[in-house]
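Let me begin by presenting the structure, written as structure tokens, before commenting on it.
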Amino acid sequence: MNAKEYLSQAFTLDQLINCKLEQVAVLRNQALKVTSVIQSDPVQGSKQRSPMENTLVKLMNLEQEIDADIDRLVALKQELKEFVAEIENPSYKLLLELRYLGGSTWEEVAASMGYDLRWIYRLHSKALKEANSLLANTIADFT
């Protein structure tokens, strides 16, 4: 895994959480629309869930997944923050924090740093080279 992939994990996980939150909204909407069926005769055999119960179970499971993903995201962002803090060049550090930890667009990064967009791309390339070197050293320390 290179530095860009490593740093992009938080953004990807954040997008996954947002996708699941949209699914929760759909399930909640479905739960409000579901009507219950009243049966006068008890059915023999296995108990079948009502559509509302199925929807609520899916909703609860998805909310548990989201909670676990959020916990992972918080831990991952802390790990990435510590990684970026080890980069010596303050411009590289700021760029990586804005882009990968803050989720800023390239245009927002350029505006925040007061640089031209083309310079931000060049600076990003240099920052990734330093981050790749740092990541390689970190991996080498574990072996």
Side-chain angles (χ1 to χ4, degrees), residues 1-87 89-115 117-118 120-143:
M1 175 180 296
N2 64 29
K4 186 174 183 177
E5 294 167 340
Y6 179 64
L7 291 166
S8 295
Q9 291 178 96
F11 179 74
T12 304
L13 186 54
D14 195 33
Q15 285 183 318
L16 177 67
I17 291 169
N18 288 336
C19 181
K20 287 181 180 181
L21 287 171
E22 289 175 16
Q23 291 173 21
V24 164
V26 169
L27 287 172
R28 283 199 174 129
N29 194 19
Q30 285 177 351
L32 294 174
K33 290 181 181 178
V34 173
T35 58
S36 60
V37 177
I38 300 174
Q39 296 178 343
S40 59
D41 297 329
V43 178
Q44 295 291 330
S46 64
K47 181 181 178 201
Q48 294 181 356
R49 291 183 183 165
S50 70
M52 175 163 254
E53 188 177 1
N54 285 335
T55 302
L56 290 175
V57 168
K58 287 178 187 175
L59 183 60
M60 289 177 7
N61 289 338
L62 191 54
E63 286 176 337
Q64 287 175 348
E65 284 180 34
I66 291 170
D67 288 343
D69 287 344
I70 289 172
D71 290 343
R72 276 194 351 221
L73 180 61
V74 169
L76 179 60
K77 280 197 171 189
Q78 182 60 38
E79 178 184 325
L80 294 176
K81 188 175 183 176
E82 291 169 6
F83 175 76
V84 170
E86 293 182 37
I87 293 184
N89 186 309
S91 294
Y92 297 171
K93 189 182 300 190
L94 178 60
L95 185 146
L96 294 175
E97 283 185 13
L98 288 170
R99 178 66 179 170
Y100 295 104
L101 297 174
S104 299
T105 64
W106 290 117
E107 292 78 11
E108 292 168 340
V109 172
S112 294
M113 295 183 71
Y115 292 134
L117 188 58
R118 289 176 295 180
I120 289 296
Y121 292 144
R122 287 188 200 116
L123 198 63
H124 178 249
S125 178
K126 293 175 182 182
L128 285 180
K129 283 181 185 177
E130 187 172 326
N132 277 320
S133 175
L134 182 62
L135 189 60
N137 290 339
T138 303
I139 292 171
D141 290 345
F142 283 117
T143 57

Problem set entry | NZ (K58) with more than 12 external heavy atoms under 6.0 Å | no
Pairs of donor and acceptor atoms involving the side chains of residues 92-103, under 3.5 Å and at least two apart or interchain, shall be tabulated with distances.
{"unit_1": "K93", "atom_1": "NZ", "unit_2": "A85", "atom_2": "O", "d": "3.2"}
{"unit_1": "K93", "atom_1": "NZ", "unit_2": "I87", "atom_2": "O", "d": "3.3"}
{"unit_1": "R99", "atom_1": "NH1", "unit_2": "S104", "atom_2": "O", "d": "3.0"}
{"unit_1": "Y100", "atom_1": "OH", "unit_2": "H124", "atom_2": "NE2", "d": "2.7"}

Seminar exercise, completed: CD (Q78) and CG (L80) are apart, to the nearest 0.5 Å, by 9.5 Å
Problem set entry | Which atom of L135 lies closest to which atom of N2, heavy atoms considered | CD2-C, 3.7 Å
Problem set entry | Separation between CD of E130 and CD of E86, rounded to the nearest 0.5 Å | 10.5 Å
For this session: To the nearest 0.5 Å, tell me how far L62 CG sits from E22 CD.
Result: 11.5 Å
For this session: Inspect the surroundings of OH in Y6 and state if more than 12 heavy atoms from other residues, nucleotides or ligands are less than 6.0 Å away.
Result: yes
Exercise. Just how far is it from atom CG of D14 to atom CG of N18, taken to the nearest 0.5 Å?
Worked result: 5.0 Å
For this session: Could you grab the distance from atom CG of N54 to atom CG of L59, nearest 0.5 Å is fine?
Result: 12.5 Å
Exercise. Is any NZ, NE, NH1 or NH2 atom of the basic residue among R28 and E63 found under 4.0 Å from an Asp or Glu carboxylate oxygen of the other?
Worked result: yes
For this session: Kindly give the heavy-atom pair with the smallest separation between L7 and F83, and that separation in Å.
Result: CD2-CD2, 4.0 Å
For this session: Taking all heavy atoms of L13 and all of L76, pick out the closest pair and write down the distance.
Result: CD2-CD2, 4.5 Å
Exercise. Which atoms form the tightest heavy-atom contact between E108 and T105, and what is the distance?
Worked result: OE1-N, 2.8 Å
For this session: Check for a donor-acceptor pair, side chain of S8 on one end and backbone N or O of K4 on the other, with a separation under 3.5 Å.
Result: yes
For this session: Answer with yes or no whether the side chains of Q9 and E5 bring together a donor and an acceptor at under 3.5 Å.
Result: no
For this session: Hey, could you give me the CG/CE distance between L123 and M113, rounded to the nearest 0.5 Å?
Result: 5.0 Å
